[in-house]
Amino acid sequence: MHPALFMETLQVQAAHAELFARAFLALVATVAVLYLTRLLLAPLKRRAAASSPSLPRPRGLPLIGNLHQLGAVPHDSLAALAARHDAPLMLLRLGSVPTLVVSTADALRAAFQPNDRAMSGRPALTVATRITYGLQDIAFSPPDGAFWRAARRASLSELLGAPRVRAFRDVREGEAAALVAAVAAASAAGSPVNLSEMLMATSNRILRRVAFGDGGDDGSIEAGAVLDETQKLLGAFFVADYMPWLGWVDALRGLRRRLERNFHELDAFYEKVIDDHLNKRADSKGEDLVDVLLRLHGDPAYRSTFSSRNRIKGILTDMFIAGTDTTAETVEWTMTELLRHPDILAKAQQEVRGGGGDIVLESDLPRLKYLKQVIRESMRVHPPVPLLVPRETIEPCAVYGCEIPAGTRVLVNARAIGQDPGAWGPDAARFVPERHAEVADLSDHKPWHDSFSLVPFGVGRRSCPGVHFATSAVELQLANLLFCFDWRAPNGEAVDLEQETGMTVHRKNPLVLVAERRRVQ
Ligand code: HEM
């Protein structure tokens, strides 16, 4: 190496070492100060706690609080922690963030029924803030401004409401048929099929066709990879979201650079899609979601809500992050449970096959009552978003007489609530679709919110506006998989229930099954 270059390298290394030493010293000093402050304040806190009712607060560690108790599968670890402390509502400190965790149906009712508004904030998480152009979307924007209310109203009336969902029926039927064809082709030689992969591809294609009007073909592989990376980043642990003052660690870990790269790729993709739509709008046939958003952009009644391209792009991001994995995972977990319960699988198949024809269409769905019970039961036991999307209190409120300050993060453990024996009885852990047999209208999802015991789509004013959109796709795909194929695990193995979590939860091991094409007489 050239001596000058060698010297320069040494200098750079020395500068890095010095920088690192300084950062380390700053970290040690901060930890010491925080620990001392905590020690000094402890008697004061104890006196205050003795004078007012308070919620259980499982003991944490200095600095990280209860973060270490989240484990690899946070919703299950939190359920176990709540059970250990007999605490349907408990207050944790995740890093420096005070967090209320709700784990039973009664606790959810007590927390949300009187405080729907107070509980309707969302924390400004690092990834969500960036990919939604600074919270200019529906899922993460603050609820107290005019924008969120107007955008949510538009999402219900224009984007995700029943008429719009009906208009995309051809897309869902086409993609269900394509899924059947893909399974048939892959299993033609008797080899097992990776159903998880196929379900994710189907869900992705539906969203892309509905949102952008493209078929997920030409040039879209790249875009698929970009959206995949967005999902991965959303599930990644950013230190800044729990210890804002230690946020620089995310930069050292390379996460900030990854996020920036992903944001710019996503942005370039949206820009192209929007330009393409503006250029060919005049001769396009049906409206896709980009067309609708551009129409609203030009409509005086909506102009202030959809005033900028960034808001249109923020809402498109919502559709993808909220609508793709969730739908695929619902089908994946339902198939998992069916394979683990052959009697239930047989009963559901008998119902689906009772209608004749060689494929199931949407017009067949209203008669499939048992299938709907199976899906409901699957979402009770495996809600795809087990801790919902985090909330944050926007004003102080009280639960069970205990004050919850503004700015408290709120995690609703939908999975624990779905298995709460207080709400579901002593057999809550068993998979029994018949427990929903008395539900009058299985397609009406409002009771899911009212009962507070089945909340895979969330609660109150921030609950999911995509329920209709999602359930129609889930029901049709499942009906066709059961109608067209007989299913079994390879070599008679048991199908496991191991989970892998990000913001959503999917199977850790892909669902690989043997599918035998049913011959229709
Ligand atoms: C089975 C599929 C789905 C599940 C389980 C699901 C679940 C959820 C959950 C748990 C929330 C948070 C609710 C809360 O905080 O109380 C949510 C919010 C949301 N979902 Fe879904 N979702 C699904 C499909 C969809 C689809 C297909 C779309 C759109 C294409 C969508 C769009 C949204 C949006 C925009 C929000 C944010 C609402 C707000 O903050 O006001 N979801 N969803």
Side-chain angles (χ1 to χ4, degrees), residues 75 102 108 111-112 116 119-123 125 128 132 135-145 147-156 158-161 164-165 168 171-172 199 202-204 206-212 234 288-289 292-293 314-334 375-376 378-392 394 409-415 417-418 445 448-449 452 454-475 477-478 503-506:
H75 51 273
V102 188
L108 183 64
F112 274 70
D116 189 30
M119 299 274 176
S120 67
R122 299 264 193 226
L125 302 174
T132 60
L135 307 178
Q136 300 199 67
D137 74 326
I138 303 165
F140 295 100
S141 59
D144 36 6
F147 170 64
W148 172 75
R149 269 197 304 279
R152 185 171 165 107
R153 214 175 309 124
S155 81
L156 289 167
E158 296 279 349
L159 293 174
L160 304 170
R164 179 73 48 198
V165 171
F168 292 125
V171 173
R172 286 186 299 276
L199 293 173
T202 301
S203 188
N204 231 300
I206 292 180
L207 237 303
R208 299 203 46 174
R209 286 181 63 183
V210 163
F212 307 139
L234 269 168
D288 58 39
L289 295 189
V292 177
L293 288 165
I315 290 170
L316 285 175
T317 300
D318 273 357
M319 300 297 127
F320 272 93
I321 59 176
T324 315
D325 288 21
T326 47
T327 310
E329 283 155 10
T330 305
V331 183
E332 186 190 46
W333 284 116
T334 309
I375 295 170
R376 219 171 168 91
S378 166
M379 296 191 89
R380 178 182 77 85
V381 185
H382 302 283
V385 199
L387 294 173
L388 306 187
V389 182
R391 300 287 192 95
E392 188 175 276
I394 56 169
R409 200 167 289 178
V410 182
L411 298 180
V412 174
N413 197 336
R415 171 144 159 130
I417 290 168
H445 299 288
W448 296 35
H449 307 149
F452 293 100
L454 190 55
V455 288
F457 292 104
V459 273
R461 67 183 68 190
R462 285 214 91 139
S463 62
C464 178
V467 178
H468 235 64
F469 190 108
T471 42
S472 43
V474 165
E475 287 173 7
Q477 283 170 47
L478 273 166
M503 192 166 261
T504 61
V505 60
H506 55 87

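First listed ligand is number 1; within each ligand, the first listed atom is number 1. Quick caveat: nothing in here was measured; it's all calculated off a predicted structure. All values below were derived from every heavy atom in this structure, side-chain atoms included, with hydrogens, water molecules and symmetry-related copies excluded.
Among the atoms of D318, none of the N or O lies under 3.5 angstrom from an N or O of ligand 1. Backbone and side-chain nitrogen or oxygen atoms of R461 are examined, and none is located within less than 3.5 angstrom of a nitrogen or oxygen of ligand 1. For T327, no nitrogen or oxygen atom sits less than 3.5 Å from a nitrogen or oxygen atom of ligand 1, counting backbone and side chain alike. Checked by distance only, ligand 1 and V474 stay at 3.5 Å or farther apart across all their nitrogen or oxygen atoms. At under 3.5 Å, a nitrogen or oxygen of R462, whether backbone or side chain, sits near a nitrogen or oxygen of ligand 1.
From the protein, the heavy atom lying nearest to atom 10 (C) of ligand 1 is P456 O, 3.3 Å. In this structure, atom 1 (C) of ligand 1 lies nearest to the protein heavy atom T330 OG1, 3.3 Å.
If you look at E329 next to ligand 1, there are no close heavy atoms at all, none under 4.0 Å. Within the 4.0 Å heavy-atom criterion, the part of L160 lying near ligand 1 is the side chain and not the backbone.
Counting heavy atoms from C-beta on, the side chains of L293 and L316 come closer than 4.5 Å. By the 4.5 Å heavy-atom criterion applied to side chains, F469 and R164 are not counted as neighbours. With a 4.5 Å cut-off on side-chain heavy atoms, R122 and P142 do not count as touching.
Applying the 4.0 Å criterion to heavy atoms of F469 picks out, from ligand 1, the atoms 27 (C).
R172 contributes no side-chain N or O that, together with a main-chain N or O of V474, makes up a donor-acceptor pair within less than 3.5 Å. No donor-acceptor pair under 3.5 Å is formed between the side chain of R415 and the backbone N or O of P386. Distance alone, capped at 3.5 Å, is enough to place a donor-acceptor pair between the S141 side chain and the D137 backbone.
In this structure, F140 falls outside the shell of residues with a heavy atom less than 4.0 angstrom from ligand 1.
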Please assess V389 against F140 for the test side-chain contact (heavy atoms from CB on, under 4.5 Å), listing each intermediate value before the final yes or no. CA-CA 9 Å; V389 182; F140 295 100; 3.8 Å; yes
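Counting only protein atoms, the N, O or S atoms lying less than 2.8 Å from atom 21 (Fe) of ligand 1 are C464 SG, ordered by chain and residue number.
Judged as a salt bridge (Lys or Arg N to Asp or Glu O under 4.0 Å), not a single pair has a partner in residues 315-325 (not counting sequence neighbours).
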